[in-house]
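The next block holds one structure in the form of structure tokens; read it before the comments.
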Amino acid sequence: DAKGMTKGSPEWDNFFGTKLVLFKDGKEVRELKDDELNSLSPDDGDVMAKFSRKGLNIKTVDNKVYVSMTDNPNNPDFGYYAHCRGEEARDSFYLGAYLGYEQNGKLRSIKGVMPTTKTIGDFRKIAQANGKGYEQMAFYQWTFLQAMYVLKYGNLNSQIALGQGYTNTSAPTSTGKANGKGIDYGSTDPNTQMRFQYVEDMWGNKLQWLDGVMTGENGTMKTSTDGFNNTANNYKSYSLGIDRDIDGYISTIQGSNELGFIVKTANGSSSTYYSDDGGVTCSAAFIAYAGGFYKYRSHAGAFLVFFENRVDDVDVSNGARLMFL
């Protein structure tokens, strides 16, 4: 059905159907217009991007990776990990339009604030403090964003296709500077915040912890769609097919519904293959961050995922994003 659709055109947005919404107390309040974001206050609620249920199929055949998506909510040939809470199907998931900010012990998605820095576990606590269904962004929701990017732009160099992001400066910046700039926005200026499907700073400004994923022993990766925790307890385990640590520009990826765009080999550069950094370790209990931060320059982008931190690590470059599932 995508034949004849121009890469980067609004036709893709019509299919994705991403909505910008006001969200409060576990419920969608109303759909938002982009030009009204600057008039909202934190008391109004959180600004979120709504992603309706769609199936995703990522498969590798020989040296090629194929990515497809369906709006059929229950096609057995597709995976629905991003829209599942354990064994329960979800009609939608919601991601914060802004990087997360702690306000009164809760993780928020609001404009005009400096993104918060915490450990992945502490972010989980303040996200869940909002109520049932709230989390920080997890691995399969990030994979869903990556797949949307691939489908819409058909270009593995996301900083060229969409924008550099806020990636070449000495400190993070406050949220909301991409307000009013459309569903996707980017610039060749590496000091300008980007936006994809209303998600500001998908790459740049601050890295984002990914919950529900952790390395296991002997080159494995563990994932879950529910019950996120610091020890990967009750997570499912998958082999990465590696026998050594990997660190560098991504040249090939795992390429499956379960492992998504995780690096498999790193023999690329900033202008070849996937054009972003990737890293994974063969040892257990390393957690993931994604996107890229304010000093990452060409290393940042839609495909950056790195496993190099422990659960008690905290750094000014690392943030999180609110999620409701």
Side-chain angles (χ1 to χ4, degrees), residues 10-42 44-56 69-74 78-85 88-101 106-111 127-128 130-152 162 175-176 178-185 194-202 208 210-212 225-226 290-291 302 320-325:
E11 294 175 287
W12 298 94
D13 302 326
N14 294 336
F15 170 74
F16 295 148
T18 309
K19 305 294 184 184
L20 188 65
V21 302
L22 187 65
F23 202 87
K24 188 173 184 178
D25 298 328
K27 296 181 180 179
E28 185 179 325
V29 178
R30 63 182 175 88
E31 190 171 344
L32 294 169
K33 295 181 179 179
D34 199 7
D35 61 6
E36 67 175 308
L37 296 184
N38 288 330
S39 65
L40 296 173
S41 74
D44 292 324
D46 294 295
V47 180
M48 309 278 275
K50 177 183 180 180
F51 301 91
S52 297
R53 183 177 177 85
K54 290 179 175 60
L56 182 60
M69 185 178 285
T70 179
D71 55 9
N72 182 330
N74 295 292
F78 287 74
Y80 295 84
Y81 292 116
H83 291 85
C84 287
R85 172 74 87 162
E88 298 180 9
R90 292 289 189 265
D91 291 333
S92 303
F93 72 85
Y94 299 80
L95 291 179
Y98 311 116
L99 290 171
Y101 172 75
K106 297 179 180 180
L107 188 63
R108 303 292 311 277
S109 175
I110 54 179
K111 73 176 193 308
Q128 294 174 349
N130 285 288
K132 184 179 180 180
Y134 284 95
E135 304 282 359
Q136 63 185 315
M137 183 171 64
F139 171 67
Y140 285 118
Q141 287 71 32
W142 175 258
T143 303
F144 193 85
L145 281 182
Q146 291 177 300
M148 295 173 78
Y149 165 78
V150 169
L151 288 167
K152 181 173 180 178
L162 182 52
T175 60
N179 284 353
K181 294 183 177 179
I183 190 167
D184 289 1
Y185 173 75
M194 56 75 60
R195 191 190 224 188
F196 176 67
Q197 298 296 298
Y198 295 121
V199 175
E200 182 182 84
D201 295 323
M202 180 179 170
Q208 302 148 87
L210 297 182
D211 221 339
T225 60
D226 195 15
R321 190 176 300 273
L322 185 64
M323 177 172 80
F324 185 87
L325 176 62

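- Residue S92 holds its OG atom at 6.0 Å from NE2 of H83, rounded to the nearest 0.5 Å.
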Original post:
Taking it one step at a time, do R108 and D46 satisfy salt bridge (Lys or Arg N to Asp or Glu O under 4.0 Å)?
Top reply: CA-CA 6 Å; R108 303 292 311 277; D46 294 295; 2.7 Å; yes
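- The closest donor-acceptor contact from the side chain of T175 to the backbone of I110 lies under 3.5 Å.
- One distance of note links CH2 of W12 with OH of Y149; it measures 12.5 Å at 0.5 Å rounding.
- To the nearest 0.5 Å, atom CD of residue Q141 and atom CD of residue E135 are 9.0 Å apart.
- Residue L145 holds its CG atom at 8.0 Å from CD of Q197, rounded to the nearest 0.5 Å.
- Proximity of Y185 to N179: side-chain heavy atoms (C-beta onward) are nowhere separated by under 4.5 Å.
- Considering every non-hydrogen atom in both Y80 and N74, the closest pair reads OH-N, 3.3 Å.
- Here salt bridge (Lys or Arg N to Asp or Glu O under 4.0 Å) pairs that include residues 10-24, with residues two or more places apart or in two chains, are D13-K152.
- Between R195 and D34 a salt bridge is recorded (basic side-chain N to carboxylate O distance below 4.0 Å).
- The structure places CG of L32 at 11.5 Å from CE of M48, a figure rounded to the nearest 0.5 Å.
- Taking each heavy atom of D44 and L22 in turn, the nearest pair found is O-CD2, 3.5 Å.
- Side chains of M69 and L151 form a contact here, defined as non-hydrogen atoms less than 4.5 Å apart.
- Nearest heavy atoms, F144 versus K54: CE1-O, 3.7 Å.
- The backbone N or O of L322 lies less than 3.5 Å from no partner atom in the side chain of Y134, so there is not a single donor-acceptor pair.
- Counting only distance, with no hydrogens or angles, the side chain of R53 and the backbone of F93 share no donor-acceptor pair below 3.5 Å.
- Panel note: side chain E200, backbone A178; a donor-acceptor pair is recorded below 3.5 Å.
- Counting only residues at least two apart or on different chains, the salt bridge (Lys or Arg N to Asp or Glu O under 4.0 Å) pairs with a member in residues 90-101 are E88-R90.
- With sequence neighbours excluded, the residues that form a ring-ring contact (aromatic ring centres under 6.0 Å, His included) with Y140 are Y81.
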Original post:
Under the side-chain contact (heavy atoms from CB on, under 4.5 Å) criterion, do T18 and Y198 qualify, and how do the steps go?
Top reply: CA-CA 8 Å; T18 309; Y198 295 121; 4.1 Å; yes
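- A donor-acceptor distance shorter than 3.5 angstrom exists from the side chain of K111 to the backbone of L40, with no hydrogens or angles considered.
- Judged purely by atom type and a 3.5 angstrom limit, S109 uses its side chain to pair as donor or acceptor with the backbone of A97.
- Contact check for L37 versus Y98: side-chain heavy atoms found under the 4.5 Å cut-off.
- Here the side chain of R85 pairs a donor or acceptor atom with the backbone of L325 at under 3.5 angstrom.
- The two residues M148 and F196 have their closest heavy-atom pair at C-CZ, 3.7 Å.
- Counting only heavy atoms from C-beta outward, the side chains of K50 and F23 never approach each other to under 4.5 Å.
- When L162, D201, D184, V199 are each tested for a side-chain contact (heavy atoms from CB on, under 4.5 Å) with M194, only one passes: L162.
- In this structure a side-chain-to-backbone donor-acceptor pair under 3.5 Å is missing from Q208 to L99.
- With rounding to the nearest 0.5 angstrom, the CG atom of N130 is 10.0 Å from the CZ atom of F324.
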